[in-house]
Each structure stands twice: as C-alpha cells, then as structure tokens.
Novice: 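If you scroll down you'll find the structure; I have some questions about it.
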2 protein chains.
Amino acid sequence: MTYTIKEVAAKTKLSIYTLRFYDKQGLLPFVARNSSGYRAFTDGDLNLLHTICCLKETGMKIKDIRQYIDYVMLGPASVVQRRELLENHRRAVVAQQAKIAESLAEIDYKLNIYTTPEAQKILAMEQAFAGAEKVANHLPNPYLSVQSGHSE
Amino acid sequence: MTYTIKEVAAKTKLSIYTLRFYDKQGLLPFVARNSSGYRAFTDGDLNLLHTICCLKETGMKIKDIRQYIDYVMLGPASVVQRRELLENHRRAVVAQQAKIAESLAEIDYKLNIYTTPEAQKILAMEQAFAGAEKVANHLPNPYLSVQSGHSE
DNA sequence: CTAAACCCTAGAGATAACTCTAGGGCAAGC
DNA sequence: GCTTGCCCTAGAGTTATCTCTAGGGTTTAG
C-alpha cells in the first residue's frame, strides 16, 4: 500500500506545494516514484516525514533537516552524527522553551495588571510617568494623555 | 538621561538596523527625536521595547505587535482591547509550547535509540524493513543497505 | 475516446523579517 | 576647520519558506 501526494498532504496537514518543495530541497530522497513518475509514499516514508515535521515544528532549518536526512540515508553507520545533530538541536529547543516561558511570564504580568479593577488608574500613572520623563529630557510627549472621560 | 540607538542596540541585542526597521514598521511611535532628528530613548521607552521583545520572542507578528502598541498609545482607555489581544496571544503561545514539547518528546525517543548500545542493530533492522516495503510495492529501494563493516 | 481529476516540473511570485548601501547631516577632539 | 564616528532616510537586496502558475502527461469513469 502506498499513498499519493494528496493523501499524504491530508494526513500531515502540509500542503501538496510544501511536500513538493521539501522534495525539491532534498528532504525526501527516500520517496520513490511509480512507473508514471508519480511519488509513491510508503508507511515507512510517512514515519520519516513525521520526524521531519517534528524537527520543523521545533524550529530546525530546512538545511539542517536535510543534513539529518542525509545521515539517515547513509544507514546505521551514521548513528553518531545523527545523535550529535539531534543533541545539539535538543539543547537549542530547550533553551528556546526557556526563553519563551520567560517572555510568557512577562506577558502574564501585564495581563495581571490589565485584569485588575484598578487597571485604568495604574496605566494612567504609568503613562503620566513616561510623559514626564520625556518632558524632563526636553522631548515632545508622544502620549495623548487623554484623561479617562467619565461615562457618557 | 536618554540613550542613543547604538546604546539601545547593545542593551537589547537587537541590531541598529532592526531598531530602525521596527520604527519604520510603526512599533516605536513613542520614541522621540532630539533637536538633530536623532532618536532619544528614555527608560520608559526601553520598558516598552522590552515588552515588544517579549511579544516577538513568543512569535507574535510585527503587524500584531503594532496593533498592541497602537492600543498603548491610545492610553488607559484601551485596557480592554490590550487585554483581549494579549489573552489571545497567550493562548496561541501555550498551544505552541505544547506542540513543541510533543515534538521534543519524539526527538528524545529517537535520541534514546541512538544512545543505546544496540543502536546500529536497530537502525539496520528499520532500514531493512523500509527497503522491503519499497520492494513489496514494486518500487526501487533508495537505501544503500550497506552492511556494518566490522572495525579496521 | 473524452472529460474530470489527478500527477509532474520549472520557475515566478509572495511574505516576513530583516540587512545593507548610498548619500548626506551633526558633534567632538586635534 | 577637518577628520572620525556617530546619526538620519529611502530604498534596494537577502534569506527562508512557502505558494502558485503554466504547460503538459496519466488515469478513470461514462
């Protein structure tokens, strides 16, 4: 049993265009062609494609994914290189996760202010402060400093 | 006290080019100019720039960051819109974190195989299986199926 | 045997986010 | 007052990753 490019697109949620693009970039050297020149994906191909998606999902560049696939095509002998490549990538991903978590904590801090009942008051104070800093440095104040109009 | 673009670049690890690009994209409407037309960053500006970096770090598009900054420039009245924007973004980031964690788990699974003493044997079996699948479907076998040469 | 729905390639176009160049003004030290 | 090292803008160029178009072959159902 093999799959057409359309079926693979449906399974992977990559577009047909993207699959062909990946092939052009050398990411799919393992996908064979049938007698009409059509790509015929096997289940084993889908496994490897899934790995490619995991690498892409975690931010690996196509050039580096190609390097990994090249190692795979070299067979079991390349296990050391594959391992080194994935370990390096793993470190990068973990570092990236940490940075994202840090930034998310700051976003949550902002959200916390926005969610508080005194949000308007706090923001007004911050804006007044930022504006005063501009004036103290002989700079135009870019904030409109609209006072909170009361109802209507 | 204000900072030149060079000093800000050093502090934020954004390049001078990127800072000017962000300004061109409307991300820095709050940065004032001195009498010579030079950008003069205040500490308050650095705070906002830091928020911009958090949003970028978590994958927000420049267009959406501009929307957020536009809300900030509108003053305290825009608290509801800011909150909604950040909450939407928060959800996207958390979802993205989950996907990355999932992909990383799969990479770790691969790494685990590569690290085991029987790695070569396992990979050889996988490759033989994938090759057999090709042959069973009347397709050329793209794997070199080089046997593990023994030492030297 | 033909129309519809696939498949293919080559290559142009799109999008996002920078990155750099050209040409020119300002500021501080010798 | 002139060189050096900043600063500015406008706009061209780059990189990465798709996304689509044109032109053409294949397969299948009526």
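Below, chains carry the letters A, B, ... as their sequence lines are ordered, and counting in each starts from 1. Just so it is clear, the model here is predicted, and its values are computed rather than measured.
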Novice: Which pairs, protein N/O on one side and nucleotides 24-28 of chain C N/O on the other, fall under 3.5 Å?
Specialist:
from	atom 1	to	atom 2	distance (Å)
C:dG25	N2	B:Tyr38	OH	2.7
C:dC26	O4'	B:Tyr38	OH	3.2
C:dC26	O3'	B:Ser36	OG	3.4
C:dA27	OP1	B:Ser36	OG	2.6

Novice: Are the side chain of A:Ser78 and the backbone of A:Gly75 linked by a donor-acceptor contact shorter than 3.5 Å?
Specialist: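 Flag set: sc A:Ser78 to bb A:Gly75 pair under 3.5 Å.
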
Novice: Kindly point out which of D:dT9, C:dC7, C:dC18 is positioned nearest to the side chain of B:Ile62?
Specialist: C:dC18

Novice: Starting at CD of B:Glu7 and ending at P of D:dC6, how long is that distance when rounded to a whole Å?
Specialist: 11 Å

Novice: Test your reading of the model: is there a side-chain donor-acceptor pair from A:Asp108 to the backbone of A:Ala105, 3.5 Å cut-off?
Specialist: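 No; judged by distance alone, with no hydrogens or angles, the pair does not exist.
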
Novice: C:dA17, OP1 or OP2 - any side-chain N/O from B:Arg66 closer than 4.0 Å?
Specialist: no

Novice: Is a side-chain N or O of A:Thr12 found less than 3.5 angstrom from the main chain of A:Val8, in a donor-acceptor match?
Specialist: yes

Novice: Assess whether a salt bridge exists between A:Asp23 and A:Arg33, defined as any Lys/Arg side-chain N lying under 4.0 Å from an Asp/Glu carboxylate O.
Specialist: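 Counted as a salt bridge, because a side-chain N and a carboxylate O are separated by less than 4.0 Å.
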
Novice: To the side chain of B:Lys56, which of C:dC18, C:dA10, D:dC6 is closest?
Specialist: C:dC18

Novice: So does A:Arg20 get a side-chain nitrogen or oxygen closer than 4.0 Å to the phosphate oxygens (OP1/OP2) of C:dT9?
Specialist: no

Novice: Would B:Glu87 and B:Arg91 count as a salt bridge (Lys or Arg N to Asp or Glu O under 4.0 Å) here? Give the steps.
Specialist: CA-CA 6 Å; B:Glu87 277 178 348; B:Arg91 271 188 288 277; 5.1 Å; no

Novice: Hey, is the main chain of B:Cys54 close enough, under 3.5 Å, to the side chain of B:Thr58 for a donor-acceptor pair?
Specialist: yes

Novice: In whole Å, what is the span from the CG atom of A:Asn34 to the P atom of C:dC6?
Specialist: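 Distance check: A:Asn34 CG to C:dC6 P gives 16 Å.
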
Novice: Whole-Å distance between C:dT9 C1' and A:Ile5 CD1?
Specialist: 12 Å

Novice: Please give me the minimum heavy-atom distance between A:Ala119 and B:Val79, naming the atom from each residue.
Specialist: CB-CG2, 3.8 Å

Novice: Quick one: A:Tyr3 OH to C:dC6 C1', roughly how many Å, whole number?
Specialist: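 So the two atoms are 19 Å apart, to the nearest Å.
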
Novice: Considering only D:dT19, C:dA16, C:dT21, which nucleotide approaches the side chain of B:Lys61 most closely?
Specialist: C:dA16

Novice: Regarding A:Lys63, tell me which of base, sugar-phosphate or nothing describes its non-hydrogen contacts under 4.0 Å with the strands shown.
Specialist: nothing

Novice: Calculate the interatomic distance between B:Ile16 atom CD1 and C:dC18 atom C1'; express it in whole Å.
Specialist: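 Taking CD1 of B:Ile16 and C1' of C:dC18, I get 15 Å after rounding.
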
Novice: Hey, does the side-chain of B:Lys24 have a donor or acceptor N/O within less than 3.5 Å of a partner on the base of D:dG11?
Specialist: yes

Novice: Nearest to the B:Phe21 side chain among C:dT19, C:dA10, C:dC6, which nucleotide is it?
Specialist: C:dT19

Novice: Nearest-Å distance, CG (B:Leu19) to C1' (D:dC6)?
Specialist: 15 Å

Novice: Would you find a donor on one side and an acceptor on the other, under 3.5 Å apart, between the side chain of B:Lys134 and the backbone of B:Phe129?
Specialist: no

Novice: Map A:Arg39 and B:Tyr22 onto DNA chain C by nearest heavy atom, then report which one ends up closer to the 5' terminus.
Specialist: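 Closest to the 5' end, via its nearest nucleotide, is A:Arg39.
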
Novice: What is the separation between atom CE on B:Met60 and atom P on C:dA16, rounded to the nearest whole Å?
Specialist: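 Taking CE of B:Met60 and P of C:dA16, I get 15 Å after rounding.
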
Novice: Let's see if you can work this out: which of C:dC20, C:dC6, D:dC6 has an atom nearest to the side-chain heavy atoms of B:Tyr17?
Specialist: C:dC20

Novice: Could you give the CZ-to-C1' distance, from B:Arg33 to D:dC8, as a whole number of Å?
Specialist: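 Taking CZ of B:Arg33 and C1' of D:dC8, I get 8 Å after rounding.
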
